[in-house]
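Labels below follow one simple rule: chain letters A, B, ... track the order of the sequence lines, proteins then strands, and each chain is numbered from 1. Computed from a prediction, not measured in an experiment: that's the story for all the values here.
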Amino acid sequence: MPHTQDISQAIFSQLNTQQGAAVAHVDGPALILAGAGSGKTRVLTARIMNLLQQGVAPWNILAVTFTNKAAGEMRQRIRSRLGPVASDIWIGTFHSIALRILRIECHHIGYESDFVIYDPADGLKVVTKVLKRLNISAQTMPAKKALGIISSLKNSGYRPDDLESASTLDTTVIAPVFREYQKLMLSFNAMDFDDLLLNLKEILYHSSDVLQKYQQKFRYIHVDEYQDTNQVQFEILHLLAGQHRNLFAVGDDDQSIYRFRGATIENILNFEQHYPNTAIFKLEQNYRSPQSILDCANSIISRNPRRHPKQLFSDLGPGEKIGLKVLPSADDEASFIVGEIQQLLSDGFAPSDIAVLYRTNAQSRLFEALLLRRGIPYRVVGSFEFWKRKEIQDVLAYVSLIANPRDIQAFERVVNYPLRGIGAASVEKIVSLAVDSGRPVLEAAALMAADLRGKARQSIENFLEFLASFQGGQDYLISDMIEEIVRKAGIDKDIRNREDEHQAQSRLENIGELISAATAFEKERPAEQITLSHFLEEINLGIETRQNTQEGVSLLTIHSAKGLEFPVVFLSGLENTLFPSPMSMGNQFAQEEERRLMYVAVTRCQEKLFLTRAQSRTMFGKTTFCGESMFLRDIPQELLHKL
DNA sequence: TTTGTTAGGGTTTTT
DNA sequence: CCCTAACAAA
């Protein structure tokens, strides 16, 4: 058993003066302005360990991050130093923490605790249904646009009843859609991503008992990437920290890149107004990159007008020049990068040392194809594409329906898939009965079947019986259950009938991968967490069950690269049609955010940075020509080395 | 009710 | 280019 002194020593010995001061801070609000690569995560982890050292109970500590990856990393670090105590600390993304509380408290707002989470694709279907029901044409209000408006309203903290006060927006069209959408979601016992936050705020705000319970529990609250909090997240934190005022916020205004999701950079800029007597700590020493990288980053970010001025410095020497390569086409860009990667690998770099960054997910395809062909291991970070595959969604809809008999979206998806003779007309009847009577859709189906005769009745009854045979998933291994669903419902047969052999094979392989994900889930989770709803939410919140630990070259968007670092970084697609995004044109705030995004990208690099652009790119089968990104003109020539 | 054909639309970024 | 939604025919 090491002495207290030794542990303290171990905590502080690896920190510089400013880091140490921040870590030693115990009571009262604190804001840590931490530049890129200045050891944010290290400070957060050390701070938590110091609290424990001071006698704070682990279950009184909350740590919130933005990505599951960041949460996992922090938990890992703390666990490796402290052992199992770490599991009593609540560490997670805003969404997963909210979910955890909502599972316990959601009855306050009329939800049942086995509610399911809808992703934006599900949400879009619900909005489409609402628009149809309200007789609003796609020209007046496209579903996608409606969903977008609803989402940003929710991110700003508005519910349908509050819309009169949202006077900046013309809400005459959207208000009834918004209202009906929320009503349907409640009747489906489903929440979308925004609801997780909004509903938590709602409960904390209206139930003082619940608020007090969690205020007392979370005596010490930590938030990473505070610059990316939105209004609702701000309010949740403000409520939770209301009693003890122990909010420890870490962030960097230069790295705020979630404006599109409602992040308000003002939250960090005005922190002291919200929390008087805040202790402020600045971390300006960069431990990640040499000077050339920092100079490059600074040449980009210094052109933004609204920011906390700060001076990053590094001990790591002058560094290499930044490679710049212009190529005729996107294919050439990919083969150039993969060629360089091969060279680096033979020079002794490991695949995991290397990352290829891009602005949009679609850009990953070319790299994937080429890396695969050359046999270089790679992983696509944070890609949700797999879960969106039709066959996966079909199987998951069965699972979801077994877990939650109110999930109308899932019901509609699979009631007649594979074809079993239950047509649109019957489905419509069942659904309206369910919605109007507030009954679970499966119950409504049973009632409706009783009124029918012949084949339709038989089909519905068989379908319900089939679902019931899984008994809500009890006594089933999830992986076994999926296998059984696929076989007994005839999904495998349907795939083989419908597709050519090659396609069918690959779809069945995808289902196989889903089954291995379930197996992995069952292996990793403690027994009490192996439930259908836990499994579904893990998939929906993007927690990585799929083999993501595998070594390889990382392919990722700049957004998902935030918080990560790599010895070698390729930043691709520096074109005026891609980055800064053309969507940001004409909007000063959006342009500033693109610039911060560029800053984040450059500062991921520890050693070698390559910038590339293509002069033409094929989109939707059409080739367009593209000029250079404005960011390239901002970098001083002497930092660049043309390849 | 099911199957086949076709026109149109889709690419920011994440939980 | 590729996938989906909408429509027509069986």
Pairs touching residues 574-591 of chain A that satisfy salt bridge (Lys or Arg N to Asp or Glu O under 4.0 Å), sequence neighbours left out: A:E575-A:R617
Summary of salt bridge (Lys or Arg N to Asp or Glu O under 4.0 Å) pairs that have at least one residue in residues 357-367 of chain A, sequence neighbours excluded: A:R359-A:E594, A:R365-A:E385
Please give, in whole Å, the distance from [N] [atom2] to [X] [atom1]?
X      : N      : atom1 : atom2 : result
A:H95  : B:dT15 : NE2   : P     : 9 Å
A:N230 : B:dT14 : CG    : C1'   : 12 Å
A:M598 : B:dT12 : CE    : C1'   : 17 Å
A:D228 : B:dT14 : CG    : P     : 13 Å
A:Y358 : B:dT12 : OH    : P     : 16 Å
A:I558 : B:dT13 : CD1   : P     : 11 Å
A:F260 : B:dT13 : CZ    : P     : 9 Å
A:Q363 : B:dT11 : CD    : C1'   : 10 Å

Straight-line distance of A:L597 CG to A:T557 OG1, nearest 0.5 Å: 8.5 Å
Atom pair CG/CD of A:D228 and A:Q255 - distance to nearest 0.5 Å: 9.0 Å
Nearest to side-chain heavy atoms of A:S426, which nucleotide of B:dT15, B:dT12, B:dT1: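 Looking only at heavy atoms from C-beta outward on A:S426, the closest nucleotide is B:dT1.
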Which part of the nucleic acid, if any, lies within reach of [X] when heavy atoms closer than 4.0 Å are counted: base, sugar-phosphate only, or nothing?
X      : result
A:T557 : sugar-phosphate
A:F66  : sugar-phosphate
A:K144 : sugar-phosphate
A:Y258 : sugar-phosphate

Test salt bridge (Lys or Arg N to Asp or Glu O under 4.0 Å) applied to A:E412 and A:K129, step by step: CA-CA 12 Å; A:E412 288 183 314; A:K129 192 176 289 175; 2.7 Å; yes
Rounded distance in Å between the C1' positions of C:dC2 and B:dT13: 23 Å
Enumerate the protein-to-nucleotides 2-7 of chain B contacts in which both atoms are nitrogen or oxygen and the separation is below 3.5 Å.
| residue | atom | partner | partner atom | Å |
| --- | --- | --- | --- | --- |
| B:dT2 | OP1 | A:G421 | N | 2.8 |
| B:dT2 | OP2 | A:N416 | ND2 | 3.1 |

Listed partners of A:F566 passing ring-ring contact (aromatic ring centres under 6.0 Å, His included), at least two apart: none
Which residues share a ring-ring contact (aromatic ring centres under 6.0 Å, His included) with A:F178, sequence neighbours left out: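 Result, ring-ring contact (aromatic ring centres under 6.0 Å, His included) vs A:F178: none returned.
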Polar-atom pairs under 3.5 Å, protein N or O versus N or O of nucleotides 1-7 of chain C: list them with distances, or write none.
none

Side-chain N,O (A:N361) to OP1/OP2 (B:dT11) below 4.0 Å: no
side-chain N/O A:S560 vs B:dT13 OP1/OP2, d < 4.0 Å: no
A:Y417 six-ring centre to A:K390 NZ/CZ under 6.0 Å and within 45° of normal: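 Geometry flag: set, cation within 6.0 Å and 45°.
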Heavy-atom check, side chain of A:R613 versus side chain of A:N576, under 4.5 Å: no
Donor-acceptor side-chain pairing of A:D195 and A:Q182 below 3.5 angstrom: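 There is such a pair (donor and acceptor under 3.5 Å, judged by atom type) between the side chains of A:D195 and A:Q182.
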Contact nearer the 5' end of DNA chain B, comparing A:T618 with A:T93: A:T618
